[in-house]
*Asks:* 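Structure incoming, see below.
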Protein chains: 2
Amino acid sequence: MTEEPKTRMTKQRAAIVEVLARGGFRSAQDWHDLLRHGGSTIGLATVYRALQSLADASEVDSVLTDNGETLYRRCDSGSSHHHHLRCRVCGAAEDIDIPTFEAWASGVAAKHGYAHIEHTVELTGVCNGCAQRSF
Amino acid sequence: MTEEPKTRMTKQRAAIVEVLARGGFRSAQDWHDLLRHGGSTIGLATVYRALQSLADASEVDSVLTDNGETLYRRCDSGSSHHHHLRCRVCGAAEDIDIPTFEAWASGVAAKHGYAHIEHTVELTGVCNGCAQRSF
DNA sequence: TTATCTGCAAACATTTTGCAGCGAG
DNA sequence: CTCGCTGCAAAATGTTTGCAGATAA
């Protein structure tokens with residue numbers, strides 16, 4: 001039988017969930033720094049493992065930056081598939097809807113004879129606040 | 001003064017351009033394997049450096065996979081900004097047009113007060129041929 | 001000639017894994 | 001008591017860099 005191990009709520013995992021609650025996209029290492037900074041002695045590997053399992057459980061979103069780092073962010077649980085508009089300067093992110101995009105993607109795929117489509121859409125920019133600060 | 005070094009057409013660079021000509025997205029290491037397989041004794045670092053400089057010169061496209069690898073492909077020179085529909089199985093890729101996407105992206109960005117927008121759109125699937133082969 | 005390119009190996013950065021002990025259930 | 005979780009350090013991966021010698025222009 002295929003039996004999934006059940007997740008235990010440890011102090012470390014709780015700490016991770018807590019810092020994640022403050023929102024924003026950060027790399028695993030950044031979250032780790034944040035935790036240590038807050039007094040935790042949690043290990044980096046543990047953070048990676050926890051973020052991985054949380055991502056599997058769809059409790060965090062993960063996106064890939066241009067330089068190959070993975071960023072994680074607490075996911076609005078219950079909310080289904082969506083995308084983000086992220087500020088390159090301050091890391092803030094808005095959840096955005098793609099009303100026509102999903103349909104469009106399937107359409108293009110079908111037209112080319114492709115099946116099992118997956119898509120990555122990442123929008124980045126400079127938010128209002130950061131724009132005023134920089135220019 | 002800022003003086004850009006000018007590119008020399010060496011045997012290795014020519015070999016790289018040649019294998020790139022067969023099309024498809026491949027990782028730097030895959031291109032390297034392909035070259036060695038074809039009798040070249042080119043070094044991996046050279047392949048990385050060449051792909052980098054070709055990418056700077058917009059002669060190759062590069063995309064980032066989910067597992068952090070960078071894939072490179074000869075770019076249809078002259079053709080402007082576009083996106084791809086790539087087969088996860090055989091690596092084939094179609095250039096696709098996004099008529100409404102660019103406009104939509106700017107719209108969403110404006111609505112949220114974001115400027116200097118950049119976007120990444122990557123579609124992957126299983127192409128007709130591979131689908132028949134697998135199922 | 002001479003500045004760029006090359007191959008090699010070592011350096012890097014990020015993420016994953018092995019292992020012995022800890023601790024939630 | 002069990003079995004998953006933890007921290008540490010070591011391994012793995014993908015990419016970049018330093019250097020001495022080769023080579024295009």
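Labels below follow one simple rule: chain letters A, B, ... track the order of the sequence lines, proteins then strands, and each chain is numbered from 1.
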*Asks:* Do V19(A) and Y72(A) sit in the same hydrophobic cluster, where Ile, Leu, Val, Met, Phe, Trp and Tyr count as joined when their side-chain heavy atoms come under 4.5 Å apart?
*Replies:* yes

*Asks:* Let me check something: do V121(A) and V108(A) share a hydrophobic cluster, defined by ILVMFWY side-chain heavy atoms less than 4.5 Å apart, either directly or through other members?
*Replies:*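 Linked within one cluster.
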
*Asks:* Send over the distance from L51(B) CG to dT17(D) P, rounded to a whole Å.
*Replies:*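 Taking atom P of dT17(D) as the reference, CG of L51(B) is at 15 Å.
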
*Asks:* Would you confirm whether H32(A), through its side chain, and I42(A), through its main-chain N or O, come within 3.5 Å as a donor-acceptor pair?
*Replies:*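 Confirmed, H32(A) side chain pairs with I42(A) backbone.
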
*Asks:* Donor-acceptor pair, distance only, cut-off 3.5 Å: does the side chain of R73(A) make one with the backbone of D61(A)?
*Replies:*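 Answer holds: no.
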
*Asks:* Expressed in angstrom and rounded to an integer, what is the separation of L35(B) atom CG from dT6(C) atom P?
*Replies:* 12 Å

*Asks:* Please check this pair: side chain of R86(A) against backbone of F25(A), looking for a donor-acceptor N/O pair closer than 3.5 Å.
*Replies:* no

*Asks:* Quick check on dG7(D): is either OP1 or OP2 less than 4.0 Å from any side-chain nitrogen or oxygen of Q12(A)?
*Replies:* yes

*Asks:* For the CG atom of L64(A) and the OG1 atom of T120(B), what is their distance to the nearest 0.5 Å?
*Replies:*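 Interatomic distance, L64(A) CG to T120(B) OG1, rounded to 0.5 Å: 9.5 Å.
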
*Asks:* Just checking, any donor-acceptor pair under 3.5 angstrom between side chains of T124(A) and R88(A)?
*Replies:*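 The answer is yes; a qualifying pair exists.
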
*Asks:* Answer with yes or no whether the hydrophobic clustering places V60(A) together with L71(A); edges join I, L, V, M, F, W, Y residues whose side-chain heavy atoms lie under 4.5 Å apart.
*Replies:* no

*Asks:* Can you tell me the distance, in whole Å, between the CD1 atom of I42(A) and the P atom of dC22(C)?
*Replies:* 18 Å

*Asks:* Using atom names, set out every protein N or O paired with an N or O of nucleotides 21-25 of chain D below 3.5 Å, distance rounded to 0.1 Å.
*Replies:*
unit_1, atom_1, unit_2, atom_2, d
dA24(D), N3, R8(B), NH1, 3.3

*Asks:* Would you mind reading off the bend of the helix from dT1(C)-dA25(D) to dG25(C)-dC1(D) from its two end axes, five pairs each, to 10 degrees?
*Replies:* 30°

*Asks:* Do R13(B) and T46(B) meet the criterion of a side-chain donor-acceptor pair at a distance under 3.5 Å?
*Replies:* no

*Asks:* Where the side chain of W31(B) meets the backbone of R26(B), is there a donor-acceptor pair that is under 3.5 Å apart?
*Replies:*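 Such a contact is found between W31(B) side chain and R26(B) backbone.
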
*Asks:* How are the rings of H83(A) and H119(A) set relative to one another: parallel (under 30°), tilted (30 to 60°) or perpendicular (over 60°)?
*Replies:* tilted

*Asks:* Sugar-phosphate atoms are those with a prime plus P, OP1 and OP2; base atoms are the rest. Using that split, label each nucleotide of nucleotides 14-20 of chain C B, S or - for protein heavy atoms under 4.0 Å, 5' to 3'.
*Replies:* SBBBB--

*Asks:* Whole angstrom is fine here: how far is it from NE2 in H32(B) over to P in dT13(D)?
*Replies:*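 Result: 17 Å.
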
